[in-house]
Amino acid sequence: MARLVEPLQSAPVRTFPARPRPIVKATDLGSAQVLKHLDLYLVSDAFGDIHPDSRGMGLYDGDTRILSCSALRVAGERPIVLHSDPGGSWRGVVQATNPEYRKDPGDKMGGAETILRQTISIGRERTIAEAYRERLDIQNHGPTTFDLDVELELDADYADIFEVRGYARSSRGELLPIEVTAGGGLVFGYLGRDAVTVRTHVAFDPAPELEAATDDQGGSVVARWRAPLRPGERRIFSWTVHPTSEPDQAVHGLDPDALDPGHAHATWLDAGARIETDNELVNQVISRSMSDLRLLESTDPQGEPFIAAGVPWFTTLFGRDSLITSLQSLPFLPRLAVETLEILAGRQATAEDPWRDAEPGKILHELRTGEMSRTGELPFSPYYGSIDATPLWLILLGETHDWTGDDALVERYWPNALAALDWIDKWGDRDGDGFVEYERKAETGLRNQGWKDSTEAIRWLDGSLAETPIALAEVQGYVFDAKRRMARLARHRGDATLADRLDAEALELQRRFAQAFRLADGSIAMALDRSKRPVDTIGSNPGHCLWSGIVPVDQAPAVAAMLGTPAMDSGWGLRTYAADQPGYNPIGYHIGSVWPHDNAIIAAGLTRYGFREQAASIAAAMLEATMRPVAAPLARAHQRRGAPKGRAARGGRPPLSRRSRPLAGLSRRCRRASDHGPSRRRCRRAPHRARRGRPPSRAAPARAAADPWRAGPTAPAAARWACSPSPCPGAPRRAG
């Protein structure tokens, strides 16, 4: 990010010793609030405080926590929150008041020194631009003059985002003495193991008294303001926080967006398509979704923009997440797709590196800029352990050309496209069997490298894990789609030889896929294991195969029927893993939870093969999860439990458990939902008939492949407005 950095103040006049504290592992984000603009983001509690607990609170600059404590007290006590509103993505307001203050806590009868409760107005206005700014507004609405005592505990631990998430380190860098500037400000500092010095500059207005914190306080330094406050009088206190690093890790210069995030936000939204419907709730969902998407915009150290995977733990570049988000937002903001293609092409692997699972032509999985990645403690600078990012990059290139007709874009990235195709054939197909599979090359790499990348995601019905190398069903579909799209672009460029070869390879892949992945009931296996055995557990993976078009037309009804069973459909969307199988967990990362991007892709695939009613049901369920209180989905699910199986696209047990998990994404306000525990019955796939809808002709999938996201009027919500590939926080409630 090109950040405006305030001039350094004059030489320090005194110091406080830094107080190293244990870094508390973040295990949840309950009641946490997030503010973000580009690479600077804040995670605080509802009052606006940062304090060490299991929510990983802090002010972060990229992957580094530059403020680990910021706790406000008035008269030694925490005020009472009346209203806490994050507002826009870059600003928020907390309105609070006072409990009853007594000079002598033992005086139960009050007295002259008593300040009655709710007579002091305490407002906190927080803004993130090129720096974090907070304005504290305190007003006395009571009849008594009193001595106002405001204190702010501060500290900075410079924890790497992976430390916050629980990764152990053998050693850390050195916390530097806390400097007090001549202007009354503070400068925290940290010398990393890579010899990079990071500093946090805090400026105050007016200048406070500064003192060392006591052992029972959470910070290292306390800033204190004391002043009399008469009836009706108001006092304003403010502070500004910004980071610097040496050597400088950011681009020099002035970024206008950083100076005025409100203007940048409005300009960004105005540049996209405007979508309005006759349903106000749907309009609110679209508006909030676009705003949340804007919140995810970030920049790399060279200043290139990209859409991050989620806030706070995944506020960085993920190949798969950025690619799918760009695909889903192409009708609104094609610029995102162009930016994603550019930043990923610029980091396409050119050599083999087992530590990072890199191979020539491969598109990255994850890029991190924190100390642990810079020093090589973790392989994320960048890491390439993603089996699907490379074909998805090709799909996005083809889809972007379909929407924009930009021939220059294709010419610019054609060498990258050829390198990606070469990777698919030479490196992706590890054993020459025609399928793309994965297996990590280093123990630090991801065991599973598809979008379901948790360790337990690919398993057999008995709960045992499938052994790698693993060929995922959806990845074969992505490769099929990618080759057909590249064949069209090659023919458009006049290279008929390459186009014919790619078309032939795609058709051969489709033929072999139909044989190798077909299950006894006609549906599709989740994957092939090391021994090329079909992993026949029931999950959402085959729905992606409908989207890509690799499923033969005569096999599509069996896939649609499997997806429509009560064990797969939660009432708020399709589960990642069927509910009546061993190992099902409704709040497990990929073994029962509901992911909006997963449902969006499946809905588009169902629409492609003519199952529009089933797709519309998924879209409606996702919209209900964003707009309606809990009672409505519960009632709807109860009503449909007794419906005939052929019509029960959203049947099954009512969703009884709705829990958020740490973010892998905040891209939209769609909510992840789950239901109660599994039944003891095995999922009966075969008896379930497909939803009404005429299967397409054999020519139909080819036409849809050129434009798979234009799903038609019956299923627009999931296909066009869905989340990025990360579950979003919070229980279902009305968006906005």
Side-chain angles (χ1 to χ4, degrees), residues 309 317-324 327 344 347-349 352-367 379-380 382-396 419-442 444-459 465-483 509 512-513 516-517 524-530 532 534-535 539-545 547-548 550 576 589-590 595 597-598 601 664 725:
L317 176 64
F318 277 74
R320 177 193 307 115
D321 297 56
S322 296
L323 287 162
I324 293 179
L327 274 167
L344 293 177
R347 290 175 167 82
Q348 189 175 28
E352 185 179 7
D353 183 351
W355 166 249
R356 292 181 171 83
D357 274 329
E359 294 140 353
K362 199 174 186 182
I363 297 298
L364 69 83
H365 169 63
E366 179 179 1
L367 172 66
F380 298 126
Y383 176 62
Y384 290 85
S386 170
I387 196 64
D388 49 12
T390 305
L392 285 170
W393 187 93
L394 294 169
I395 291 172
L396 180 61
L421 288 168
D422 194 54
W423 175 84
I424 288 173
D425 294 335
K426 293 183 179 180
W427 298 91
D429 184 3
R430 301 170 58 89
D431 53 11
D433 68 342
F435 298 128
V436 172
E437 53 263 315
Y438 62 83
E439 185 174 41
R440 65 184 178 185
K441 295 184 177 180
T444 53
L446 291 173
R447 185 184 187 278
N448 285 321
Q449 298 186 358
W451 87 260
K452 296 180 180 179
D453 57 6
S454 53
T455 301
E456 72 278 11
I458 311 301
R459 56 169 65 198
L465 302 181
E467 294 186 9
T468 59
I470 290 174
L472 294 169
E474 70 270 21
V475 171
Q476 316 316 312
Y478 299 160
V479 171
F480 170 80
D481 192 10
K483 290 196 171 186
L509 174 60
R512 298 192 69 256
F513 176 85
F517 283 80
I524 293 173
M526 178 184 293
L528 302 182
D529 77 341
R530 172 191 291 271
K532 307 302 177 182
V535 180
S540 60
N541 306 58
H544 291 230
C545 299
W547 170 66
S548 65
I550 196 173
T576 46
Y589 208 48
H590 300 117
W595 289 55
H597 94 283
D598 190 31
I601 289 175

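Throughout, residue positions are numbered sequentially from 1 according to the sequence presented. Keep in mind the model is a prediction, meaning the values are calculated, not measured.
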Between [X] and [Y], is any pair of side-chain heavy atoms under 4.5 Å apart?
{"X": "Ile363", "Y": "Gln348", "answer": "yes"}
{"X": "Tyr438", "Y": "Asn448", "answer": "yes"}
{"X": "Asp422", "Y": "Pro360", "answer": "no"}

Gap between atom [atom2] of [Y] and atom [atom1] of [X] - 0.5 Å precision:
{"X": "Ile387", "Y": "Tyr478", "atom1": "CD1", "atom2": "OH", "value": "12.0 Å"}
{"X": "Cys545", "Y": "Phe517", "atom1": "SG", "atom2": "CZ", "value": "7.5 Å"}
{"X": "Ile550", "Y": "Leu509", "atom1": "CD1", "atom2": "CG", "value": "4.0 Å"}
{"X": "His544", "Y": "Ile524", "atom1": "NE2", "atom2": "CD1", "value": "12.0 Å"}
{"X": "Tyr589", "Y": "Asp453", "atom1": "OH", "atom2": "CG", "value": "6.5 Å"}
{"X": "His365", "Y": "Phe380", "atom1": "NE2", "atom2": "CZ", "value": "7.0 Å"}

Flag, side chain of [X] to backbone of [Y], donor-acceptor distance under 3.5 Å:
{"X": "Trp427", "Y": "Ala358", "value": "no"}
{"X": "Arg530", "Y": "Pro469", "value": "no"}
{"X": "Glu437", "Y": "Arg430", "value": "yes"}
{"X": "Asp429", "Y": "Asp433", "value": "yes"}

Margin query: Could you go through Glu474 and Lys452, starting from their C-alpha distance and side-chain angles, then the distance that decides it, and tell me whether this counts as salt bridge (charged side-chain N to carboxylate O under 4.0 Å, His left out)?
Written below: CA-CA 11 Å; Glu474 70 270 21; Lys452 296 180 180 179; over 6 Å; no
Heavy-atom pair with the smallest gap, counting every atom of [X] and [Y]:
{"X": "Pro382", "Y": "Arg356", "result": "O-CD, 2.9 Å"}
{"X": "Tyr383", "Y": "Leu446", "result": "OH-N, 2.9 Å"}
{"X": "Leu528", "Y": "Pro534", "result": "CD2-CA, 3.8 Å"}
{"X": "Gln449", "Y": "Arg320", "result": "O-NH2, 3.3 Å"}
{"X": "Asp357", "Y": "Tyr384", "result": "O-CB, 3.2 Å"}
{"X": "Ser540", "Y": "Asp598", "result": "OG-OD2, 2.6 Å"}

Next item on the list: Just do the side-chain contact (heavy atoms from CB on, under 4.5 Å) check on Trp547 and Ile395 with the steps written out, would you?
Entry: CA-CA 12 Å; Trp547 170 66; Ile395 291 172; 4.2 Å; yes
Next item on the list: Please assess Gln476 against Val436 for the test side-chain contact (heavy atoms from CB on, under 4.5 Å), listing each intermediate value before the final yes or no.
Entry: CA-CA 7 Å; Gln476 316 316 312; Val436 172; 4.1 Å; yes
Item checked: Lys426 atom NZ, over 12 foreign heavy atoms within 6.0 Å ->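 Counting neighbours around NZ of Lys426, 12 or fewer heavy atoms of other residues, nucleotides or ligands fall under 6.0 Å, so no.
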Item checked: Sole candidate of Thr390, Leu392, Asp388 that passes side chain to side chain contact (heavy atoms under 4.5 Å, CB included) when paired with Leu323 ->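 Answer to the side chain to side chain contact (heavy atoms under 4.5 Å, CB included) test with Leu323 among Thr390, Leu392, Asp388: Leu392.
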Item checked: From CA spacing to verdict: side-chain contact (heavy atoms from CB on, under 4.5 Å), Ile424, Lys483 -> CA-CA 10 Å; Ile424 288 173; Lys483 290 196 171 186; 4.2 Å; yes
Note to self: Between Lys362 and Asp353, does any NZ, NE, NH1 or NH2 come within less than 4.0 Å of an OD or OE carboxylate oxygen?
What the structure shows: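 No, no charged N to carboxylate O under 4.0 Å.
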Next item on the list: May I ask you to check whether Trp451 and Phe318 place their ring centers less than 6.0 Å from one another?
Entry: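 No, too far apart.
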Margin query: Between Leu394 and Leu396, does the side-chain contact (heavy atoms from CB on, under 4.5 Å) criterion hold? Intermediate values first, please.
Written below: CA-CA 5 Å; Leu394 294 169; Leu396 180 61; over 6 Å; no
